[in-house]
Amino acid sequence: MSLSGESPTALFEKAWNLYESIALGNHMSHREIYALLTKRLQVLYGKGGFDMLDLGCGDARFFEP
């Protein structure tokens with residue numbers, strides 16, 4: 001149990017729901033950032049494929065084809 005009395009799973013789910021609301025609502029400009037990233041990667045690598053390892057947080061929803 002945590003200091004709040006919630007289980008680690010409950011705390012994770014609460015935090016995940018907050019992250020998901022922020023990302024889906026585009027409150028931190030995720031869509032614009034990934035659009036710029038996509039354009040930059042196309043300039044560097046063309047339309048061909050490349051491999052990427054995402055070590056960030058989140059669910060990688062913006063990397064879906």
Side-chain angles (χ1 to χ4, degrees):
M1 289 292 184
S2 69
L3 293 176
S4 69
E6 295 180 271
S7 72
T9 301
L11 288 172
F12 173 83
E13 288 173 353
K14 189 182 287 187
W16 184 261
N17 288 333
L18 176 60
Y19 165 79
E20 190 169 42
S21 293
I22 290 169
L24 288 174
N26 199 38
H27 299 293
M28 294 179 66
S29 302
H30 284 86
R31 290 186 198 109
E32 293 80 1
I33 291 168
Y34 283 102
L36 290 170
L37 177 61
T38 298
K39 286 181 184 178
R40 181 66 179 145
L41 292 173
Q42 286 175 346
V43 167
L44 292 173
Y45 301 104
K47 298 277 182 178
F50 59 89
D51 294 323
M52 175 183 270
L53 174 62
D54 178 13
L55 296 176
C57 297
D59 60 4
R61 81 178 67 230
F62 294 101
F63 291 115
E64 294 179 41

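Given the structure is predicted, the values throughout are model-derived calculations rather than measurements. Numbering of residues begins at 1 and proceeds along the displayed sequence.
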Interatomic distance, Y19 atom OH to D59 atom CG [nearest 0.5 angstrom]: 5.0 Å
Contacts satisfying side chain to side chain donor-acceptor pair (under 3.5 Å) that involve residues 24-36 (not counting sequence neighbours) are N26-E32
For L18, give me all partners under side-chain contact (heavy atoms from CB on, under 4.5 Å), at least two apart in sequence or on another chain. I22
side-chain contact (heavy atoms from CB on, under 4.5 Å) filter on L41, not counting sequence neighbours, yields L37, Y45, F50, M52
